[in-house]
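Everything on this sheet refers to the single structure shown next.
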Number of protein chains: 4
Amino acid sequence: MGSTTTPRRSNTRQRIQDVALKLFLEQGYEKTALREISDELGVTKAALYYHFKTKEDILVSLFRDLGRHMDELIAWGKRQPRELAVKQELLARCSVIFHDAAPLFDILIANQATLDALSVGQDFKDRVAALSDLLQEENSSLNARVRCATALLTLHFGTFAIRQLDGDPEEKRLALLAGATELLTSAHEGILSGTAGPAAGVPPEG
Amino acid sequence: MGSTTTPRRSNTRQRIQDVALKLFLEQGYEKTALREISDELGVTKAALYYHFKTKEDILVSLFRDLGRHMDELIAWGKRQPRELAVKQELLARCSVIFHDAAPLFDILIANQATLDALSVGQDFKDRVAALSDLLQEENSSLNARVRCATALLTLHFGTFAIRQLDGDPEEKRLALLAGATELLTSAHEGILSGTAGPAAGVPPEG
Amino acid sequence: MGSTTTPRRSNTRQRIQDVALKLFLEQGYEKTALREISDELGVTKAALYYHFKTKEDILVSLFRDLGRHMDELIAWGKRQPRELAVKQELLARCSVIFHDAAPLFDILIANQATLDALSVGQDFKDRVAALSDLLQEENSSLNARVRCATALLTLHFGTFAIRQLDGDPEEKRLALLAGATELLTSAHEGILSGTAGPAAGVPPEG
Amino acid sequence: MGSTTTPRRSNTRQRIQDVALKLFLEQGYEKTALREISDELGVTKAALYYHFKTKEDILVSLFRDLGRHMDELIAWGKRQPRELAVKQELLARCSVIFHDAAPLFDILIANQATLDALSVGQDFKDRVAALSDLLQEENSSLNARVRCATALLTLHFGTFAIRQLDGDPEEKRLALLAGATELLTSAHEGILSGTAGPAAGVPPEG
DNA sequence: TATGAATGAGGATTCATTCAT
DNA sequence: CATGAATGAATCCTCATTCAT
């Protein structure tokens, strides 16, 4: 161990990333001007261009790790048999990855319209779709499919939404995971098409 | 006689809203230039300013109805007793409102970073928070609280996410609602911490 | 008595002038949008164009009377012999005209850069120049000429400046006139070139 | 060697100021578009924004020196005893400052309506008021007060007005100063109301 | 490694003005 | 008399990006 490989480049690159992350979070990607980043760092805008080719490039660099982790998980998932336990494990690992990258999710979610036009957004969508596929059962009912999709969704958006609730972060993460797992599990228990659907919450007029 | 071509009291205002909605959906609010809207309508940018005071004003006008509907629901919720059946009904009505305003949700979700800085975003957040409050039980466990929050969230984000699933829209909506109701209901059944209160009015199913 | 000659036109024209005068005073000519005028009147911008051909035309109409009065004074001055008493009388009449049209002077002074490019500004400058000529003595000393010019100036700008001093308006006007007359008179008393100039206020280094 | 054509640390900032001053004088501040400035310089509008934050900032930069000089004079005035000789000296120094900054006065006077809404205008008004205070005597008669105010005014507006008179500039300046000093002095001599206080230090002339 | 200077494209907004009704 | 609708031209300003040094 010890960073034997990383070239001894100045830490400016890292500092740019740090500040960029902070500002993208606070103001959004589009509304963050490069000048704001450079100002906060005490360098010139031009300096940013020494370290990154474009503004988008800064953004991309922030997502490199998350992309790798998701790819690894997807690869793992593909090697496993298609059974409930595996899917639950998938969800659990997802939960960890998502929470570790929580700030990136904030950016992803809050800047969708913008990122959709960028590689970052497309790549992420593709990966979520791949994960979603791994959770789905072929030929399952609509109810089941919606629930599987929702399970992942809960993790994805919930990661970002439960921050405003009080409580220990790890506890909250587990509670969220529990809810998601519940949805996934119920999708697998054939109980779906009959009772749960129409029984609850449908306006009586229907 | 009768002006067949030039409408006397033109419907331009409505047409602006239509085109704006379309473009905000396709490209995001920020990336949509007023010029694009006016070009598509075959009028001048200045014409937009005859009908709306600012770009934001166009956006706001699109959300007027949704805001009203949510306010009515919140008002209704506040008049009801705090019991599970009411909350389920709340969720069900929410589901209807959200789905009726589906395109607006797309905009809301995809442009969060932008809209957060605008009245539209703040107003909506406030209303969702109010609804969320109506679903919560005092002194409930963390698990229950996370689930209640997630229930609403599922509706909110799910509305936007299930569009890419195949199937009849109304069926999908009901499936989504079913999942959300399940989360809400389970939060209210003793299964979470035993303190969630008497699950009055819930048919002991399963 | 009774306005027998004035055509029975609506009083809108007059009301436009009133509001315009008020707003031109408060905000300046350029910064006052026609929309502000029409809004304050509860009519449409287009309505203004029924009564006046252009924005400038509104302005011009406000200055019509003042122009006439000055022209009359100039004409009178030209008929009189060139002597001190006449000039003093000229100054006194000027003082009355200027003070009666005080608001117009505010506009004239505060919007010079703008009005200079307009007929209103040019016309006024020409008239002041004509008056100034009437006060001047041929072949007089520089000192005398400066003082004569200053005398009129004092009236012109002073009208506008003494408003912030406390005191009865008419008293202030007379005090201002007294100062101006003093300057004019001293220009005529040959006492100028010798004592008053270098004696007071010149830095000792000179 | 040595870049003969492209200056390394370009003097663009100064050139912008020069051109701006010229155009503000010729056309007024408001009517001068930034495009005109940049065109005349052969650069882009954006280049102006590299050197100045806003259009107003260009204007402010032009007035920086004048503001400093006036502040120094005010500070000096406050340290002196309140007597006629001091006030005469004040007027004299004012005269010098005003004439050195003659073009700025043109701008100040010709664009009042505009500048009043800007910091430049307010700051200047404040400074003139401070100077005016230094010239005033407590409890003096209205006549005296009007004259003191007029004295400064004469300098202020006269600076701008005597340019159209023939004659050596410095001579004209002195003549103007003489007139102003006369007004000030007469305000201090018993001739106005007898209460103006002991004319200490004034040689009993004429 | 970085900067100073500049660009080009584009954005929202404002305004006087016009004209059919 | 007056309005509703629209225009065209202009304005200030912002931003990502470039490049010689």
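Just so you know, these numbers use all the heavy atoms, side chains as well, and skip hydrogens, waters and symmetry mates. Convention: sequence-line order gives letters A, B, ...; per-chain numbering from 1.
- The P atoms of E:dT1 and F:dT21 are separated by 22 Å, rounded to the nearest whole Å.
- An OP1 or OP2 oxygen of F:dA5 is reached within less than 4.0 angstrom by a side-chain nitrogen or oxygen of B:Tyr50.
- With a cut-off of 3.5 Å on both Watson-Crick or G-U wobble distances, the partner of E:dA16 is given as F:dT7.
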Could you please spell out the steps behind the side chain to side chain contact (heavy atoms under 4.5 Å, CB included) verdict for D:Phe105 and D:Leu66?
CA-CA 10 Å; D:Phe105 273 72; D:Leu66 173 59; 3.9 Å; yes
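- For the pair D:Leu41 CG and E:dT7 C1', the interatomic distance rounds to 15 Å; values are reported in whole Å.
- Atom CD1 in D:Ile16 sits about 11 Å away from atom P in E:dA5, given to the nearest Å.
- A close approach under 4.0 Å does occur between a side-chain nitrogen or oxygen of C:His51 and OP1 or OP2 of F:dA2.
- Ranked by how close their nearest DNA chain E nucleotide is to the 5' end, D:Arg13 and A:Ala47 are led by A:Ala47.
- Between C:Val120 and the choices C:Leu108, C:Ile107, C:Leu62, the side chain to side chain contact (heavy atoms under 4.5 Å, CB included) rule is met once, by C:Leu108.
- Listed for the A:Thr44 side chain is no donor-acceptor partner under 3.5 Å among the backbone atoms of A:Ala47.
- Contact annotation: C:Thr12 side-chain N/O to F:dC1 OP1/OP2 distance is not under 4.0 Å.
- A donor-acceptor pair under 3.5 Å is absent between the side-chain atoms of A:Tyr29 and the main chain of A:Ala110, judged by distance alone.
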Quick one: what's the B/S/- string for nucleotides 9-16 of chain F, heavy-atom cutoff under 4.0 Å, read 5' to 3'?
--SBBBBB
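- When the P atom of E:dT14 is taken as reference, atom CZ of B:Phe52 falls 15 Å away, rounded to whole Å.
- Summarising the geometry, the separation between CD on C:Gln27 and C1' on E:dT14 is reported as 14 Å, rounded to the nearest angstrom.
- Closest approach of D:Lys53 to D:Asp57, counting heavy atoms only: N-OD2, 3.3 Å.
- With a cut-off of 3.5 Å on both Watson-Crick or G-U wobble distances, the partner of F:dA2 is given as E:dT21.
- No side-chain donor-acceptor contact under 3.5 Å links A:Thr114 to the backbone of A:Glu30.
- Put simply, CG on B:Asp39 is 14 Å from C1' on F:dT7, counting in whole angstrom units.
- Formation of a donor-acceptor pair under 3.5 Å by the C:Lys45 side chain with backbone atoms of C:Ala33 is not found in this model.
- When rounded to the nearest whole Å, the span between CD1 of B:Ile37 and P of E:dG11 equals 11 Å.
- With rounding to whole Å, C:Ile58 atom CD1 is found 13 Å from E:dC15 atom C1'.
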